[in-house]
Amino acid sequence: MTARVSRRYSFEASPETVWSFIADPAQRAAAISVVDHFEDTDAGYRWHVRLPIPLVNQTIAVDTEDVVIDPPRYVEFIGRSPAFAVRGVHEVEPIDATHTALDTEFIVDGKLPGVERFFRQNLDRELQHLAASLRAVISTH
């Protein structure tokens, strides 16, 4: 079974500010609470994910890459690991000069017992973390 969550968030920020955050793989990774750490690789980047499930007692390396980038409005990434695959889609939509909407979707296909259940229960919270991280960046501008 697949875990899928789509949300729309509104920000009091320019589209450029929202885009600069969402287009940056490091900022996206840092906003996800289960990403223990992040590194650049030759093929893209690697998230080291720590899931609080019984059968997984170490971090999971998720090789991730941006597969579609259409600045300044759309970025899509995929990540692959032995435990799960993830696809993220983020679309920036200007509302006016000082307000921007962000449509975001995460889809996770688990390959190990407990992974899909974890993400079905927690994926919405992870998107909330992403929005909160973006709001924190906006508040410093």
Side-chain angles (χ1 to χ4, degrees), residues 1-53 55-141:
M1 200 180 267
T2 300
R4 177 188 303 251
V5 175
S6 299
R7 295 290 178 262
R8 181 177 183 91
Y9 297 100
S10 295
F11 301 95
E12 190 172 335
S14 69
E16 295 79 19
T17 300
V18 174
W19 174 255
S20 70
F21 175 89
I22 210 65
D24 181 348
Q27 289 193 79
R28 290 193 317 256
I32 304 301
S33 71
V34 293
V35 175
D36 188 63
H37 62 282
F38 163 96
E39 63 184 304
D40 288 322
T41 66
D42 291 337
Y45 38 97
R46 182 171 292 135
W47 294 3
H48 294 272
V49 174
R50 185 172 305 278
L51 297 178
I53 59 177
L55 295 176
V56 180
N57 59 2
Q58 62 186 15
T59 61
I60 300 163
V62 182
D63 290 319
T64 310
E65 65 178 309
D66 289 342
V67 292
V68 180
I69 303 172
D70 182 12
R73 64 165 208 88
Y74 185 89
V75 63
E76 179 179 340
F77 73 89
I78 56 171
R80 296 179 185 91
S81 78
F84 64 90
V86 61
R87 178 176 167 257
V89 175
H90 307 286
E91 189 164 359
V92 176
E93 181 183 325
I95 296 170
D96 58 36
T98 60
H99 294 85
T100 304
L102 176 65
D103 292 313
T104 190
E105 178 178 58
F106 274 50
I107 304 161
V108 179
D109 289 314
K111 299 175 186 176
L112 292 177
V115 171
E116 284 180 6
R117 181 178 32 194
F118 170 81
F119 282 109
R120 275 195 310 273
Q121 294 172 351
N122 295 287
L123 204 49
D124 188 56
R125 182 173 49 95
E126 295 303 333
L127 290 182
Q128 291 172 18
H129 286 285
L130 184 77
S133 294
L134 178 50
R135 282 190 176 93
V137 167
I138 291 167
S139 73
T140 64
H141 281 100

(message) Restricting to salt bridge (Lys or Arg N to Asp or Glu O under 4.0 Å), what partner residues turn up for Arg4, sequence neighbours left out?
(response) Glu105
(message) Could you work out, with side-chain contact (heavy atoms from CB on, under 4.5 Å) as the rule, every residue matching Pro71, not counting sequence neighbours?
(response) Trp19, Ile69
(request) Kindly write out the residues that satisfy side chain to side chain donor-acceptor pair (under 3.5 Å) with Asp124, not counting sequence neighbours, or none if the list is empty. (result) Arg7, Gln128
(message) Can you list everything that forms a salt bridge (Lys or Arg N to Asp or Glu O under 4.0 Å) with Glu12? Sequence neighbours excluded, please.
(response) none
(message) Test of understanding: with salt bridge (Lys or Arg N to Asp or Glu O under 4.0 Å), list the residues that count as partners of Arg8, not counting sequence neighbours.
(response) Glu93, Asp103
(message) Rounded to the nearest 0.5 Å, what separates atom CZ in Phe119 from atom CG in Leu123?
(response) 7.0 Å
Show which side-chain atoms of residues 74-89 pair as donor or acceptor with protein atoms under 3.5 Å away, not counting sequence neighbours.
{"residue": "Tyr74", "atom": "OH", "partner": "Glu76", "partner atom": "OE1", "Å": "2.8"}
{"residue": "Glu76", "atom": "OE2", "partner": "Arg87", "partner atom": "NE", "Å": "2.9"}
{"residue": "Ser81", "atom": "OG", "partner": "Ala83", "partner atom": "N", "Å": "3.1"}
{"residue": "Ser81", "atom": "OG", "partner": "Phe84", "partner atom": "N", "Å": "3.0"}
{"residue": "Ser81", "atom": "OG", "partner": "Phe84", "partner atom": "O", "Å": "2.9"}

(message) Are Glu126 and Ser33 packed together at the side-chain level, in the sense that at least one heavy-atom pair is separated by less than 4.5 angstrom?
(response) yes
(message) Just so I know, are the side chains of Leu134 and Val18 near enough to count as touching, which here means a heavy-atom distance under 4.5 Å?
(response) yes
(request) State which residues pass side chain to side chain donor-acceptor pair (under 3.5 Å) with His99; sequence neighbours excluded, sorted by chain then number. (result) Asp96
(message) Nearest 0.5 angstrom please: Leu130 CG to Arg125 CZ, how far?
(response) 13.5 Å
(request) Measure the shortest side-chain to side-chain distance between Ser10 and Ile95 over non-hydrogen atoms and say whether it is less than 4.5 angstrom. (result) yes
(request) Answer with yes or no after comparing the ring centroid distance for Phe106 and His90 against a 6.0 Å cut-off, counting only values under it. (result) yes
(request) Quick one: list whatever passes side-chain contact (heavy atoms from CB on, under 4.5 Å) with Ala26, sequence neighbours left out. (result) Asp24, Phe38
(request) Output the distance between atom CG (Asn122) and atom CZ (Arg117), rounded to the nearest 0.5 Å. (result) 11.0 Å
(request) Could you list the residues that satisfy side chain to side chain donor-acceptor pair (under 3.5 Å) with Ser14, not counting sequence neighbours? (result) Glu16, Thr17
(request) Report yes if some heavy atom in the side chain of Phe21 is under 4.5 Å from a heavy atom in the side chain of Ile138; otherwise report no. (result) no
(request) Report the residues that fulfil side chain to side chain donor-acceptor pair (under 3.5 Å) with Asp63, sequence neighbours left out, ordered by chain and then residue number. (result) Arg46
(message) Quick check: closest heavy atoms across Ser20 and Gln27, and the distance to 0.1 Å?
(response) O-NE2, 3.7 Å
(request) Check Ala43 against Glu65 and note the closest heavy-atom contact, atom names and distance. (result) O-CB, 3.9 Å
(message) To the nearest 0.5 Å, what is the distance between CG on Leu51 and OG1 on Thr59?
(response) 10.0 Å
(request) Report the distance from atom OH of Tyr45 to atom OG1 of Thr64, rounding to the nearest 0.5 Å. (result) 6.0 Å
(request) Enter the distance from Glu116:CD to Ile53:CD1 here, rounded to the nearest 0.5 Å. (result) 10.5 Å
